[in-house]
Amino acid sequence: QADRPKLLVHEMYPVNRKSDDKQFAWAVVAQSIGSGKMERYTIRLPLFKTAPVQVGQIIKCLKYEMYKQWYTITSYQVLC
């Protein structure tokens, strides 16, 4: 259970607004170390700029919000 919020980042790509095509977030495809499930998460740019993430890193999701079927990480820590 303790490893469920730990996520191994497999893929990242920018997310742009439809109205002006400007990037507002990063889509992160990551696998939970605890459950093994792959999921797509969104990390908004202001948060991403404070703690950048790269493919292959492990992050710990501290807080998230869910809108319909989309997960938005609102707080995280880069572990390695």
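Heavy-atom basis, side chains included; hydrogens, waters and symmetry copies ignored.
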NE2 on H10 to CD on Q57, rounded to 0.5 Å: 13.5 Å
Please identify each residue that fulfils side chain to side chain contact (heavy atoms under 4.5 Å, CB included) with K63, with sequence neighbours left out. T74, S75
Could you pull out all residues at least two apart from D21 that satisfy side chain to side chain contact (heavy atoms under 4.5 Å, CB included)? N16
In chain order, what residues pass the side chain to side chain donor-acceptor pair (under 3.5 Å) check against Q77, with sequence neighbours excluded? none
Nearest heavy-atom neighbours spanning A25 and R44: CB-CA, 3.8 Å
Rounded to the nearest 0.5 Å, how far does SG of C80 lie from NZ of K6? 9.0 Å
Contact summary for L8 and G56, nearest pair of heavy atoms: CD1-O, 3.6 Å
Per salt bridge (Lys or Arg N to Asp or Glu O under 4.0 Å), D20 is matched among R17, K18, K22 by R17
If you link ILVMFWY side chains whenever their heavy atoms are less than 4.5 Å apart, which other residues fall into the same cluster as V78? By chain and number, please. L7, V9, M12, W26, V28, Y41, I43, L45, L47, F48, V53, V55, I59, Y64, M66, Y71, I73, Y76
If you look only at pairs with a residue in residues 45-55, which of them pass as a side chain to side chain donor-acceptor pair (under 3.5 Å), with sequence neighbours excluded? none
Q31 side chain near K37 side chain, heavy-atom distance below 4.5 Å: no
Could you list the residues that satisfy side chain to side chain donor-acceptor pair (under 3.5 Å) with S35, not counting sequence neighbours? S32
Y13 meets the side chain to side chain contact (heavy atoms under 4.5 Å, CB included) criterion, sequence neighbours left out, with E11, A27, V29, R40
Which residues, ordered by chain and number, are linked to F24 in its hydrophobic cluster, where ILVMFWY side chains connect at heavy-atom gaps below 4.5 Å, directly or through other members? V15
